[in-house]
Number of protein chains: 2
Amino acid sequence: MRVTAETVARRAGVSRATVSRVLNNNPNVSDQMKRRVMKVIDELNYRPSSVARSLRLQTSDIVGFMIPVSLEQTFADSFFSDIMSGICDAVSLFSLRLQVFTSSPAGSQAIEQLIQSNQIAGVILHDRIEDPIRKVVLENGTPCVVVGTIEDKEDRETFGSVSVDNFGGVYRSVEHLIRSGYRKIAYIAGSMSSLGGGRDRLRGYQAALQDYGLECKSEHVGVGEFDREIARQIAERMLETDDRPEAVVCANDLMALGVISAASKIGLSVPGDLGVIGFNDSAFAKDIDPPLTTVRQPVQEIGYEAAKMLAMMIRGNEIRERHLVLPTQLIVRKSC
Amino acid sequence: MRVTAETVARRAGVSRATVSRVLNNNPNVSDQMKRRVMKVIDELNYRPSSVARSLRLQTSDIVGFMIPVSLEQTFADSFFSDIMSGICDAVSLFSLRLQVFTSSPAGSQAIEQLIQSNQIAGVILHDRIEDPIRKVVLENGTPCVVVGTIEDKEDRETFGSVSVDNFGGVYRSVEHLIRSGYRKIAYIAGSMSSLGGGRDRLRGYQAALQDYGLECKSEHVGVGEFDREIARQIAERMLETDDRPEAVVCANDLMALGVISAASKIGLSVPGDLGVIGFNDSAFAKDIDPPLTTVRQPVQEIGYEAAKMLAMMIRGNEIRERHLVLPTQLIVRKSC
DNA sequence: ATGAAAGCGCTAACAT
DNA sequence: ATGTTAGCGCTTTCAT
């Protein structure tokens with residue numbers, strides 16, 4: 001038989017109400033009583049049913065998180081695992097629970113229903129999660145924080161967000177290159193959809209060149225995908241021109257891989273003839289030859305902060321800063 | 001105000017019981033009535049509360065999944081994201097919900113309590129998850145399937161498992177090398193803890209050599225960690241001996257990276273002077289130079305099958321095969 | 001075929 | 001300070 005508050009109450013010779021009060025630290029209960037009840041709770045190893053609690057209180061302690069179905073190139077590495085373990089940590093700290101859904105039709109429908117019936121306390125979305133869910137979340141007034149940047153004005157008002165300093169990351173990459181003596185610096189961007197920080201990274205590049213009085217030539221800016229092969233082709237073309245760059249900054253480590261490959265094909269050595277910098281500090285970055293200089297984002301922390309902010313929103317606490325931008329860090333290795 | 005069965009009932013001019021019957025496809029309800037109630041349900045966009053349902057039925061539709069806190073080297077790539085998206089898919093197919101916990105103290109404690117109060121319908125564990133939880137799961141009789149291999153006899157009786165054909169993967173790697181003309185083939189193993197398939201992979205190597213009448217020299221077997229640097233050192237030592245191997249098979253792609261690096265340092269070209277094969281088909285495998293021949297495991301499918309099996313167990317269905325071994329596939333690229 | 005009513009485990013208003 | 005009681009939304013006997 002299941003141990004309920006009733007079981008505890010009877011054994012302790014008190015009423016269920018008292019057990020409940022002890023559990024919820026209600027001040028109106030004598031120390032003596034508290035001890036007595038606690039003792040029985042321990043003996044019976046009683047754990048209150050969060051289901052009953054949810055039903056009674058008409059609340060939920062469940063945080064929903066959606067992972068994109070197509071874990072594309074950009075997320076190829078441990079990105080989502082890391083985000084999630086950050087979320088998990090924060091979530092258990094605040095006595096919430098994490099429930100995961102995919103953005104597949106089945107997954108979206110599931111979370112949609114749960115939101116509509118108020119069985120989700122709050123949600124964490126990735127900035128690429130498509131509209132339908134955002135709309136449901138908005139309509140329902142469900143607390144929500146998005147991981148990444150929010151473009152939409154209205155969304156920014158209601159949602160929280162946790163992103164990283166994409167601009168600064170690339171800015172410091174370029175700065176590092178300049179200080180190391182490189183002058184002709186190219187940039188290969190990923191998708192130009194503003195999401196995933198693509199736009200900000202490009203702006204970081206442009207700003208750094210400008211601040212250091214360097215010209216920003218359009219031939220030295222390539223726009224592709226967050227993909228190695230495409231980056232390789234772009235790099236190959238750039239490196240074969242008369243005015244070839246001395247260094248190239250990539251929006252992504254995979255793309256840096258492509259650039260290195262292009263360089264070696266043409267017979268250029270890295271970092272000797274060409275400096276290369278990536279972005280993400282993917283797992284393999286330190287293990288390739290040459291070890292890749294890149295920008296690290298605090299992925300776990302993103303998840304942690306997002307969940308923490310969400311917990312605050314759920315509890316109705318004041319949020320000091322609802323759009324967090326976490327610092328990125330340049331990891332200098334051997335590729336430039 | 002929340003729409004409940006009561007709301008629907010009143011609007012349709014029937015009792016709550018009837019609404020419930022319609023929802024649960026109870027045969028004792030006239031078609032006419034069914035239509036009438038369904039219409040109202042649609043109009044009101046009514047969704048039954050799974051909380052109330054759980055309380056009444058004393059069941060749960062929640063599947064728990066634990067991710068290791070220390071996402072070690074082995075899991076560096078998208079392993080857990082992929083497993084999880086597989087689980088998610090299956091889980092929503094069976095109208096279950098996925099809840100994620102970390103193996104941190106906070107996380108374990110949380111899931112432990114939920115299991116003990118029967119609020120978890122079943123759990124999916126990784127084969128490295130430490131004892132405490134397994135014990136709780138066992139004691140509580142909670143359906144459980146583990147991702148990976150189960151060593152413990154008793155555990156094998158009660159738990160289900162989904163693993164991959166580690167043995168065959170390495171066997172076919174070695175076979176492929178032999179057929180390509182390589183004779184002196186070395187193997188660098190990861191951790192020898194049987195978990196994570198380490199042991200089976202090594203045995204696949206040994207069996208292949210034996211089956212093709214090749215000698216298995218102990219100098220050609222290295223045991224390290226699932227780590228690039230250690231593999232590099234081992235490879236360097238092997239390659240500097242008189243009797244240096246013509247090819248080396250690694251327990252892991254990262255380790256293959258280390259071997260390639262060792263080779264290039266010594267001036268050996270891959271695949272010219274040395275063939276290299278990895279394991280996992282990590283995201284970067286196809287993008288390095290040379291593109292790595294490796295063994296792919298169907299990671300998403302592992303998650304999918306695990307969740308499917310668990311769903312069967314939860315529903316009390318007969319399980320045909322409670323220890324699934326999914327096939328691995330040799331992906332031939334340019335490194336041998 | 002449908003309705004009335006009890007009860008899952010919990011909390012909070014009300015009573016003492 | 002403690003007990004009594006109603007009720008959260010649902011399903012399921014038991015009547016009819």
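The chains referred to below are lettered A, B, ... by the order of the sequence lines, with proteins before strands, and numbering in each begins at 1. Because only heavy atoms are used, hydrogens play no part in the values below, and waters and symmetry mates are left out as well, while side chains stay in.
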Next on the checklist: How close do B/Leu310 and B/Val145 get, counting heavy atoms only, and between which atoms?
Outcome noted: CB-CG1, 3.5 Å

Checklist entry - What is the distance, rounded to the nearest whole Å, between atom CG of A/Asp61 and atom P of C/dC10? => result 14 Å

Next on the checklist: Looking at B/Met33, I want to see if its CE is surrounded by more than 12 non-hydrogen atoms of other residues, nucleotides or ligands under 6.0 Å.
Outcome noted: yes

Checklist entry - How many Å lie between CG on A/Leu57 and P on C/dC8, as a whole number? => result 19 Å

Item to check | Salt bridge present between A/Arg11 and A/Glu43 (N-O < 4.0 angstrom) | outcome: yes

Next on the checklist: Categorize A/Leu55 for me: base, sugar-phosphate, or nothing, with a 4.0 angstrom heavy-atom threshold over every strand shown.
Outcome noted: base

Next on the checklist: Can you see if the side chain of A/Arg53 gets near the phosphate of C/dG9 - specifically, an N or O under 4.0 Å from OP1 or OP2?
Outcome noted: no

Checklist entry - Quick one: is A/Ser54 getting a side-chain N or O under 4.0 Å of the D/dC8 phosphate, OP1 or OP2? => result no

Checklist entry - Do we see a donor-acceptor contact under 3.5 Å between the side chains of A/Glu6 and A/Thr4? => result no

Checklist entry - Looking only at side-chain N and O atoms, does B/Ser49 come under 4.0 Å of OP1 or OP2 in D/dC8? => result no

Checklist entry - Among the nucleotides C/dC10, D/dG9, D/dT2, which one has an atom lying closest to any side-chain atom of A/Ser30? => result D/dT2

Item to check | side-chain contact (heavy atoms from CB on, under 4.5 Å) assessment of A/Lys34 paired with A/Arg21 | outcome: CA-CA 9 Å; A/Lys34 195 184 238 167; A/Arg21 288 194 188 99; over 6 Å; no

Checklist entry - Roughly, in whole Å, what's the span from CG in B/Asn28 to C1' in D/dT13? => result 13 Å

Checklist entry - Is the shortest side-chain N/O distance from B/Ser15 to OP1 or OP2 of C/dG3 below 4.0 Å? => result yes

Checklist entry - How are the rings of A/Phe79 and A/His126 set relative to one another: parallel (under 30°), tilted (30 to 60°) or perpendicular (over 60°)? => result perpendicular

Item to check | Option among B/Asp82, B/Val164, B/Ile87 that satisfies the side chain to side chain contact (heavy atoms under 4.5 Å, CB included) test with B/Ile302 | outcome: B/Val164

Checklist entry - If you look at every strand shown and take non-hydrogen atoms under 4.0 Å, does B/Ser20 touch a base, only sugar-phosphate, or nothing? => result base

Checklist entry - Under 4.0 Å: is that the gap between some side-chain N or O of A/Gln58 and OP1 or OP2 of D/dG9? => result yes

Checklist entry - Got a salt bridge between B/Glu157 and B/Lys153, using NZ or NE/NH1/NH2 to carboxylate O under 4.0 Å? => result no

Item to check | A/Asn28: partners by side chain to side chain contact (heavy atoms under 4.5 Å, CB included), with sequence neighbours left out | outcome: A/Asn26

Checklist entry - Tell me: CG of B/Asp31 to P of C/dT2, nearest whole Å? => result 10 Å

Checklist entry - Which comes earlier along DNA chain C counting from the 5' end, the contact point of A/Glu6 or that of B/Gln32, where each point is its nearest nucleotide? => result B/Gln32

Checklist entry - Only one of A/Ile124, A/Ile111, A/Leu125 forms a side chain to side chain contact (heavy atoms under 4.5 Å, CB included) with A/Phe65, so which one is it? => result A/Ile124

Between the protein and nucleotides 5-7 of chain D, list every N/O to N/O distance that falls short of 3.5 Å.
from  : atom 1 : to      : atom 2 : distance (Å)
D/dA6 : N6     : A/Arg16 : NH2    : 3.4
D/dG7 : N2     : A/Arg56 : NE     : 3.4
D/dG7 : N2     : A/Arg56 : NH1    : 3.3

Next on the checklist: How many whole angstroms separate atom CZ of B/Arg36 from atom C1' of C/dT2?
Outcome noted: 11 Å

Checklist entry - Using a cut-off of 4.0 Å on non-hydrogen atoms, how would the nucleic acid contact of B/Val14 be classed: base, sugar-phosphate, or nothing? => result sugar-phosphate

Checklist entry - C/dA12 C1' sits how many Å from A/Asn24 CG, rounded? => result 10 Å

Between the protein and nucleotides 14-16 of chain D, are there any N/O to N/O pairs under 3.5 Å, and if so, what are the atom names and distances?
none

